[in-house]
Amino acid sequence: MSTILETLNAATSAAFAELGFPEALGATRESDRPDLAPFQCNGAMAAAGVLKKQGHKANPREIAQNIVAKLEGHPAIAELEIAGPGFINIRPAVAALTARAAALAADDKTGATDLPPQKIVIDYGGANVAKPMHVGHLRSAVIGECLKRLLRFQGQTVIGDVHLGDWGLQMGHLITELQDEQPELPYFKASKTSGYPDVSPVTMDDLARLYPAASNKAKSDEARMERSRVATAELQAGREGYRALLGHFIDESIKALKKGYGALGVEFDLWKGEAAVDPLIPDMIEGLKAQGITEEDGGALIIRVEEENEKKDVPPVMLLASSGAVLYHTTDLATLVDRKAEIDPDLILYVVDQRQALHFEQVFRAAVKAGWYKPEQMEHLGFGTMNGKDGKPFKTREGGVLRLEDLIAMMREAAQARLDEAGIGADFPEEERADIADKVGIAALKFADLQNQRTTNYIFDPERFTAFEGKTGPYLLYAAVRIKSILRKATDMGVSAGEIVIEDPAEQNLVLALDGFDRALKAATDKYAPHLLCDHVFRLAQAFSRFYTDCPILAGKTPEPVKASRLALAQTALRQLEHGLNIIGIDAPNRM
RNA sequence: GCACCGGUAGCUCAGCUGGAUAGAGUACCUGACUACGAAUCAGGGGGUCGGGGGUUCGAAUCCUCCCCGGUGCGCCA
């Protein structure tokens, strides 16, 4: 069944076509002036413009009158009004709202429709081996997860890949630093090639300590840096002891990362990393050479990807450094080769910091030049950084990076404090209270991030994040929890949902909000913009809150059929709210 | 130097395929808990949309120049 807007749009578009105007001019949309009417059609002005260009005189109000004449009596329209220079304000018929509400109530997905099926890989997360997760990892995780769920909800096959950073100089740093600390470990004996212990010699905490230690020393000590480079090269060349260590590093890191991402409700289907695709590199490079698209330049192997007549400078893709080492471009290209072979996706989305835009431009061009993918099959969805009040990437008061687990703990504590302050849940079991605080904190965190437009930087303000009133995650949870509470009460009272009959303005308003769900999903998908879905869910929660205030559902004096109708409406609102929250990545508790 | 992103209410942000009185949240002021949960609802004040010029019946939105902030630009990832 089509939405209210689709029905109205079809009617106005047809009316324009009948008068000989392009159908597209008759587009109806949600009104900018909801105080006048919920929908508007602005085509009359544009139509007058078309006539004028053809040399005819035209009065937009007159055109609007002709359109209105065609629309009079349409069953979905209650009221048409021409305003200003030729705006047509449209109020839908209450009967149409009632019919639409019934259809939404009967639909498990509350009006959401599927997209043509595609196989899509989303590359997000971006965590590195041996480095603890910090606030910089939040956006990729949260946005990527939301897009994954958004696409899946609309019938797409989506594979989420964390694409671990587990290759390169950082591994050399770790190996050499560990060697300095525990030289007796068997991994460092060059003569030994097998029979290493199964248990890791280091924990995640060790790794988090070793890497910065080595990195700092190497910055001022060229000899120390050289040792790391040599170790990296030996690792990549296949030295067994180092490979075994790498395996431990990766396993320990993944354990910690699963915990960290798990706390955010973020799950990946693939935990592949750069190391996993390294074996593909030699053949890939031979293939690219054979295609004749590589060249040697200053000892390095490159692919030129600049295009003619373009303003910006696009430097070449670096396949091999002059030292022979594999680089960032190389592993990303090998990953594309791997994905083609293993998954053969229709589309690959990279949810990675906007600062990497040029990198992906280069990689994509090389992949197209190699004939592996079409340009439209790869898209970099950049996002802005989370800044402090000074406009620079957020730092703690001490000047360090804020660990993700500390941020989450901060949110949880704020939520707990709010619970205590409101005296809510004093009688709940301790376990439930902790669970509620967790859910409220995560909801606040994720919604605060996702409601910002993806591409822009935003300011991380701890006070704003831990606010639980207004346009926040907890507001959405509160709306859902209140509905759940009513549904429980209705069960106790023996009231059940029945036929929906729309009357009250707040009911009409709620149906119109529900009607916008599929539109919001499609707009959010089209632009890969989670904030558009956040807006919808917030508006839905607002419409419900108003309905809740204006339209008593279970109160004694509400007539039985009205109770049944409003209860059905509330159930439908809850179902859509939960779909929306689920896509955003938020869980609502049963009470809070 | 070149390129990309941004500058909208005190604050944090939407709106940018041109449309009416530029919206939301917050903060501030007012009202609503003897009806389903007040983390709520209703109402109010608050804006030279960074600046100039241009296109248009109409510009926050398109074009152009300038100012301010952020970011990126061959052998780190």
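Chain naming here is simple, since letters A, B, ... match the order of the sequence lines and numbering starts at 1 in each.
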A.B. asks: Considering Watson-Crick and G-U wobble pairs with both distances under 3.5 Å, what does B/C36 pair with?
C.D. replies: none

A.B. asks: Quick check, are the ring centers of A/Tyr211 and A/Phe249 under 6.0 angstrom apart?
C.D. replies: no

A.B. asks: Only pairs with both distances under 3.5 Å count, Watson-Crick or wobble alike; so what is the partner of B/C11 in this structure?
C.D. replies: B/G25

A.B. asks: A/Glu30 CD to B/G19 P: how many Å, rounded?
C.D. replies: 15 Å

A.B. asks: Using atom names, set out every protein N or O paired with an N or O of nucleotides 58-62 of chain B below 3.5 Å, distance rounded to 0.1 Å.
C.D. replies:
none

A.B. asks: Please lay out, stage by stage, how A/Gln170 and A/Val129 fare under the test side-chain contact (heavy atoms from CB on, under 4.5 Å).
C.D. replies: CA-CA 9 Å; A/Gln170 47 182 340; A/Val129 158; 5.5 Å; no

A.B. asks: What is the nucleic acid contact for A/Leu36, judged by heavy atoms within less than 4.0 Å: base, sugar-phosphate only, or nothing?
C.D. replies: base

A.B. asks: Judged by each residue's nearest nucleotide on RNA chain B, which is more toward the 5′ side, A/Thr455 or A/Arg304?
C.D. replies: A/Thr455

A.B. asks: For residues 522-530 of chain A, which residues have at least one heavy atom under 4.0 Å from RNA chain B?
C.D. replies: none

A.B. asks: Please tabulate, one pair per line, each protein N/O and nucleotide N/O from nucleotides 10-12 of chain B that are separated by under 3.5 Å, including the distance.
C.D. replies:
unit_1	atom_1	unit_2	atom_2	d
B/U12	O2'	A/Arg464	NE	3.1
B/U12	O2'	A/Arg464	NH1	2.7

A.B. asks: How long is the line joining NE2 of A/His329 and C1' of B/G72, in whole Å?
C.D. replies: 12 Å

A.B. asks: Apply side chain to side chain contact (heavy atoms under 4.5 Å, CB included) to A/Lys219 and list each qualifying residue two or more places apart in sequence or on a separate chain.
C.D. replies: A/Ser215, A/Asn216

A.B. asks: Are A/Phe383 and A/Tyr124 packed together at the side-chain level, in the sense that at least one heavy-atom pair is separated by less than 4.5 angstrom?
C.D. replies: no

A.B. asks: Classify the nucleic acid contact of A/Val326 as base, sugar-phosphate or nothing, counting any heavy atom under 4.0 Å across all strands shown.
C.D. replies: sugar-phosphate

A.B. asks: Return yes when atom CG of A/Asp313 has more than 12 non-hydrogen atoms of other residues, nucleotides or ligands closer than 6.0 Å, and no otherwise.
C.D. replies: no

A.B. asks: Can you list, by residue number, the residues of residues 350-367 of chain A that have a non-hydrogen atom closer than 4.0 angstrom to RNA chain B?
C.D. replies: A/Arg355, A/Gln356, A/Leu358

A.B. asks: Which donor-acceptor pairs under 3.5 Å do side chains of residues 413-420 of chain A form with protein atoms, sequence neighbours excluded?
C.D. replies:
unit_1	atom_1	unit_2	atom_2	d
A/Asp420	OD1	A/Arg433	NH2	2.5

A.B. asks: Would you mind classifying the nucleic acid contact of A/Asp535 as base, sugar-phosphate or nothing, using non-hydrogen atoms under 4.0 angstrom?
C.D. replies: sugar-phosphate

A.B. asks: Under the side chain to side chain contact (heavy atoms under 4.5 Å, CB included) rule, collect the residues that match up with A/Phe16, sequence neighbours excluded.
C.D. replies: A/Phe21, A/Leu25, A/Cys41, A/Ala47, A/Ile67

A.B. asks: Tell me which of A/Gly49 and A/Glu274 sits closer to the 5' end of RNA chain B, going by the nucleotide each one is nearest to.
C.D. replies: A/Gly49

A.B. asks: Which one, B/U21, B/A14, B/G70, comes nearest to the side chain of A/Asp35?
C.D. replies: B/U21

A.B. asks: Which part of the nucleic acid, if any, lies within contact of A/Gly384, taking any heavy atom under 4.0 Å across all strands shown: a base, the sugar-phosphate backbone alone, or nothing?
C.D. replies: nothing

A.B. asks: State whether A/Lys52 places a side-chain N or O below 4.0 Å from either non-bridging phosphate oxygen (OP1 or OP2) of B/C57.
C.D. replies: yes

A.B. asks: Would you find more than 12 non-hydrogen atoms of other residues, nucleotides or ligands less than 6.0 Å from A/Gln54 atom CD?
C.D. replies: yes

A.B. asks: If we ignore angles and hydrogens, is there a donor and acceptor under 3.5 Å between the side chains of A/Thr385 and A/Arg355?
C.D. replies: no

A.B. asks: So, the side chain of A/Thr572 versus the backbone of A/Ala568: is there a donor-acceptor pair under 3.5 Å, distance only?
C.D. replies: yes

A.B. asks: Looking at residues at least two apart in the chain, or sitting in another chain, which of them share a side chain to side chain contact (heavy atoms under 4.5 Å, CB included) with A/Glu560?
C.D. replies: A/Lys563

A.B. asks: Given A/Asp332 and A/His163, is the side-chain contact (heavy atoms from CB on, under 4.5 Å) satisfied, shown in steps?
C.D. replies: CA-CA 10 Å; A/Asp332 265 4; A/His163 194 58; 3.2 Å; yes

A.B. asks: So which nucleotide from B/G6, B/G25, B/U21 ends up closest to the side chain of A/Gln453?
C.D. replies: B/G6

A.B. asks: Just checking A/Asn89: base, sugar-phosphate only, or nothing, at a heavy-atom cut-off of under 4.0 Å?
C.D. replies: base

A.B. asks: Can you tell me if A/His173 touches the phosphate of B/C76, counting only side-chain N or O atoms and a distance under 4.0 Å to OP1 or OP2?
C.D. replies: no

A.B. asks: Taking only residues two or more places apart in sequence, or in another chain, which ones meet A/Cys146 in a side chain to side chain contact (heavy atoms under 4.5 Å, CB included)?
C.D. replies: A/Leu450, A/Pro530, A/Ile583

A.B. asks: Under 3.5 Å, sequence neighbours excluded: what are the donor-acceptor pairs made by side chains of residues 318-329 of chain A?
C.D. replies:
unit_1	atom_1	unit_2	atom_2	d
A/Ser323	OG	A/Ala325	N	3.3
A/Tyr328	OH	A/Gln356	OE1	2.8
A/His329	ND1	A/Met318	N	3.0
A/His329	NE2	A/Gln362	OE1	3.4

A.B. asks: Treat primed atoms plus P, OP1 and OP2 as sugar-phosphate and everything else as base, then score nucleotides 35-41 of chain B 5' to 3': B for base contact with protein heavy atoms under 4.0 Å, S for sugar-phosphate contact only, - for none.
C.D. replies: BBBSBSS

A.B. asks: With sequence neighbours excluded, what pairs up with A/Glu226 under the salt bridge (Lys or Arg N to Asp or Glu O under 4.0 Å) test?
C.D. replies: A/Arg229

A.B. asks: Would you say the ring centroid of A/Phe547 lies under 6.0 angstrom from that of A/Phe544?
C.D. replies: yes

